[in-house]
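Worksheet for the structure shown next.
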Amino acid sequence: MDAFLYILLAIGLDLVVGDPRWLPHPVRAIGRLCEGSEKMTRALFANLYLAGLMTVLVVLSTTGFIVYLLLQVASSLSPMVGAGIAVVMLSTTIATRDLLRHSKAVYRQLQPPVSLVRARQAVARIVGRDTQDLTEPGITRACVETVAENMVDGVTAPLFFAMISSFVAPLVDLPPLHCSVIGAFIYKAINTMDSMIGYKNEKYLLFGRVAAKLDDVANFLPARLSGLCVIIAAFFLKLDYREAARIFLRDRLHHASPNSGHTEAATAGALGLRVGGASSYFGRIVDKPFIGDGLRDPVPGDIAKANSLMVTGSLIFIVLLAGLLFWGSV
């Protein structure tokens, strides 16, 4: 259970400190590694699928090796320094505080006196759609969607891989904490590659196919478990957990991604909202399936409720993982 205690410390560090802007973030380094690998493999391989596959292998192996090397160097200084560096590194793979900070910034701009201009600017920092013409309900809906979706990418999935990776420690002769950090960073590398090259356009349809499919596989279990945790969270928060369960079962696959719809559906049901639908991306309207029944128009308070669902659902997810870790150590 030592690995779990260190993971709890990393969660606490993220909640207290988050990702300071002055500190270079590892995900940006992974992004630059992905860009460099893409240039190299495109130059070396005419087959775009093969080039994309090699990019994935280069990014994953390089990320894993660098993290391993940093942990080994830190541990060679002293066990305490090694554990401290590992906890700090692990905390950078979690984005709870940043997700809350950005969504609360949107919420504040929607309080009287409402500033739609500033609210649009705030929500643009966390969504990929065009925001310049969004109304107040549109801004709220976009913010709720991204909080629900990023619960998986930014919180539960990194924790899932941190916890699961600790099980392989006896097989690779590494401390469980080191395995947790490496596992979480491997996940972040997969997720970063998907966000950079996993597009279904002419440039990346073949090149990014492996990255996109790998991200789908990596998020398969965390997304579904997270959706269930949101339903349980709705019960504890006295929201409509029955509707959350109904919409989850009905609409969780109404999304272009096989994983993103699970937490969105549970959240939409719990709040009585409808998300999805037509949105503008780079000036082009994209029609997405609706999720939820839209019993009412979104209001700014739904952002606070979505945050509560995300945080409470994540805590429930952690408790479930702790039970799994305890069961695996027996």
Task: A86 versus L177, closest heavy-atom pair with distance - done: CB-CD2, 3.5 Å
TODO: Say whether, by atom type as modelled, one donor and one acceptor occur between the side chain of S61 and the main chain of V58 under 3.5 angstrom.
DONE: yes
Task: Within 45° cone of Y49 ring axis and under 6.0 Å: R209 NZ or CZ - done: no
Task: Polar contact flag, side-chain donor to acceptor under 3.5 angstrom, T156-S226 - done: yes
- [ ] Go through the steps for R250 and D293 under the test salt bridge (charged side-chain N to carboxylate O under 4.0 Å, His left out), then give the verdict.
- [x] CA-CA 11 Å; R250 192 192 72 183; D293 286 337; 2.7 Å; yes
TODO: Treat each ILVMFWY residue as a node, draw an edge where side-chain heavy atoms are under 4.5 Å apart, and state whether I164 and L8 are in one component.
DONE: yes
Open item on the list: I'd like to know if the side chain of Y199 reaches the main chain of S195, judged simply by a donor and an acceptor atom lying under 3.5 Å from each other, with no hydrogens or angles considered.
Closed with: yes
- [ ] Would you indicate whether the side-chain heavy atoms of R242 and I247 approach each other to under 4.5 Å?
- [x] no
- [ ] State whether E35 and R32 are salt-bridged, where the test is any N-O pair (Lys NZ or Arg NE/NH1/NH2 against Asp/Glu carboxylate O) under 4.0 Å.
- [x] no
Task: Steps toward side chain to side chain contact (heavy atoms under 4.5 Å, CB included) verdict (L116, E136) - done: CA-CA 7 Å; L116 286 183; E136 182 176 311; 4.0 Å; yes
Task: Distance-only polar pair, side chains of N219 and Y187, donor-acceptor under 3.5 Å - done: yes
Task: Side chain to side chain, I190 and I186, heavy atoms closer than 4.5 Å - done: yes
Task: CA sep, side-chain torsions, deciding dist, call: R42, E38, salt bridge (charged side-chain N to carboxylate O under 4.0 Å, His left out) - done: CA-CA 6 Å; R42 282 183 181 273; E38 178 182 353; 2.9 Å; yes
Task: Chi angles and distances behind the salt bridge (charged side-chain N to carboxylate O under 4.0 Å, His left out) call for D240, R246 - done: CA-CA 10 Å; D240 197 339; R246 186 180 74 85; over 6 Å; no
Open item on the list: When you compare the side chain of K188 with that of P158, does any pair of heavy atoms fall below 4.5 Å?
Closed with: yes
Open item on the list: Donor-acceptor check, side chain of T312 to backbone of L309, threshold 3.5 angstrom: yes or no?
Closed with: no
Task: Interatomic spacing from CG in L15 to CG in L100 - rounded to 0.5 Å - done: 7.5 Å
TODO: Following the transitive rule for hydrophobic clusters with a side-chain heavy-atom cut-off under 4.5 Å over Ile, Leu, Val, Met, Phe, Trp and Tyr, establish whether Y68 and V172 coincide in one cluster.
DONE: yes
- [ ] Report yes or no: does S37 contribute a side-chain atom to a donor-acceptor pair with the main-chain N or O of V59 at less than 3.5 Å?
- [x] no
Open item on the list: For F220, does the six-membered ring have the charged nitrogen or CZ of R224 within the cation-pi criterion, i.e. under 6.0 angstrom from the centroid and within 45° of the normal?
Closed with: yes
Task: More than 12 heavy atoms from other groups under 6.0 Å of CZ on R118 - done: no
TODO: Look up atom OG1 in T146 and atom CZ in R129, then write down how far apart they are to the nearest 0.5 Å.
DONE: 8.0 Å
Task: CG on L70 to CZ on F65, rounded to 0.5 Å - done: 9.5 Å
Open item on the list: For the backbone of A304 and the side chain of S308, can you confirm whether one donor and one acceptor N or O come within less than 3.5 Å of each other?
Closed with: yes
Task: More than 12 heavy atoms of other groups within 6.0 Å of R284 CZ - done: no
TODO: Please lay out, stage by stage, how I11 and T96 fare under the test side chain to side chain contact (heavy atoms under 4.5 Å, CB included).
DONE: CA-CA 8 Å; I11 294 169; T96 312; 5.8 Å; no
Task: Between CZ on residue R101 and CG on residue D98, distance to nearest 0.5 Å - done: 4.5 Å
- [ ] Show your reasoning for whether side chain to side chain contact (heavy atoms under 4.5 Å, CB included) applies to D302 and L273.
- [x] CA-CA 9 Å; D302 291 319; L273 300 179; 3.7 Å; yes
Open item on the list: Test your reading of the model: is there a side-chain donor-acceptor pair from R120 to the backbone of L134, 3.5 Å cut-off?
Closed with: yes
Task: Within 6.0 angstrom of F45 CZ, more than 12 heavy atoms from elsewhere - done: yes
Open item on the list: Is there a path of hydrophobic side-chain contacts, each under 4.5 Å between heavy atoms, that joins V217 and F161?
Closed with: no
TODO: Any chance you could lay out the side chain to side chain contact (heavy atoms under 4.5 Å, CB included) test for V67 and M89, step after step, and finish with the verdict?
DONE: CA-CA 9 Å; V67 173; M89 292 177 66; 3.8 Å; yes
Open item on the list: Would you say CD of E202 has more than 12 non-hydrogen atoms from neighbouring residues, nucleotides or ligands within 6.0 angstrom?
Closed with: no
Open item on the list: Give me the atom names and distance for the closest heavy-atom approach of I30 to A189.
Closed with: CG2-CA, 3.8 Å
Open item on the list: Take a 6.0 Å sphere around OH of Y204 and say whether it holds more than 12 heavy atoms from other residues, nucleotides or ligands.
Closed with: yes
TODO: Locate the shortest heavy-atom distance separating A169 from P175; write the atom from each residue and the value.
DONE: CB-C, 4.1 Å
TODO: Please round to the nearest 0.5 Å and tell me the distance separating atom OG of S180 and atom CG of L159.
DONE: 10.0 Å
- [ ] Treating Ile, Leu, Val, Met, Phe, Trp and Tyr as nodes and any side-chain heavy-atom pair under 4.5 angstrom as an edge, say whether L239 and V275 lie in one connected cluster.
- [x] no
TODO: Following the transitive rule for hydrophobic clusters with a side-chain heavy-atom cut-off under 4.5 Å over Ile, Leu, Val, Met, Phe, Trp and Tyr, establish whether L174 and I7 coincide in one cluster.
DONE: yes
Task: pair I197-C34: side-chain heavy atoms closer than 4.5 Å - done: yes
TODO: Return yes if some donor-acceptor pair links the side-chain N/O of S165 with the main-chain N/O of A162 below 3.5 Å, else return no.
DONE: no
Open item on the list: Test your reading of the model: is there a side-chain donor-acceptor pair from H25 to the backbone of T92, 3.5 Å cut-off?
Closed with: yes
Open item on the list: In the structure I gave you, are the side-chain heavy atoms of F248 and I231 within less than 4.5 Å of one another anywhere?
Closed with: yes
Open item on the list: Using every non-hydrogen atom in the two residues, find where V147 and A306 come nearest and quote the distance to one decimal.
Closed with: CG1-O, 3.8 Å
Open item on the list: Side chains of I182 and T63, heavy atoms from C-beta outward: is any pair under 4.5 Å?
Closed with: no
Open item on the list: Counting only heavy atoms not in K104 (residues, nucleotides, ligands), do more than 12 fall under 6.0 Å from its NZ?
Closed with: no
Task: Distance-minimising heavy-atom pair for F4 and A322 - done: CZ-CB, 3.4 Å
TODO: Using modelled atom types only, decide if a donor and an acceptor are shared between the side chain of E145 and the backbone of G276 within a distance under 3.5 Å.
DONE: yes
Open item on the list: Less than 4.5 Å apart, side chain to side chain, heavy atoms only: is that true for F207 and T41?
Closed with: yes
- [ ] Check P300 against Q111 and note the closest heavy-atom contact, atom names and distance.
- [x] CB-NE2, 3.7 Å
Open item on the list: Using only atom types and a distance under 3.5 Å, with no angle test, would you say the side chain of N259 pairs donor to acceptor with the backbone of D216?
Closed with: yes
- [ ] Any chance you could measure T140, atom OG1, to L271, atom CG, to the nearest 0.5 Å?
- [x] 11.5 Å
Task: Minimum side-chain heavy-atom gap L321-I318 below 4.5 Å - done: no
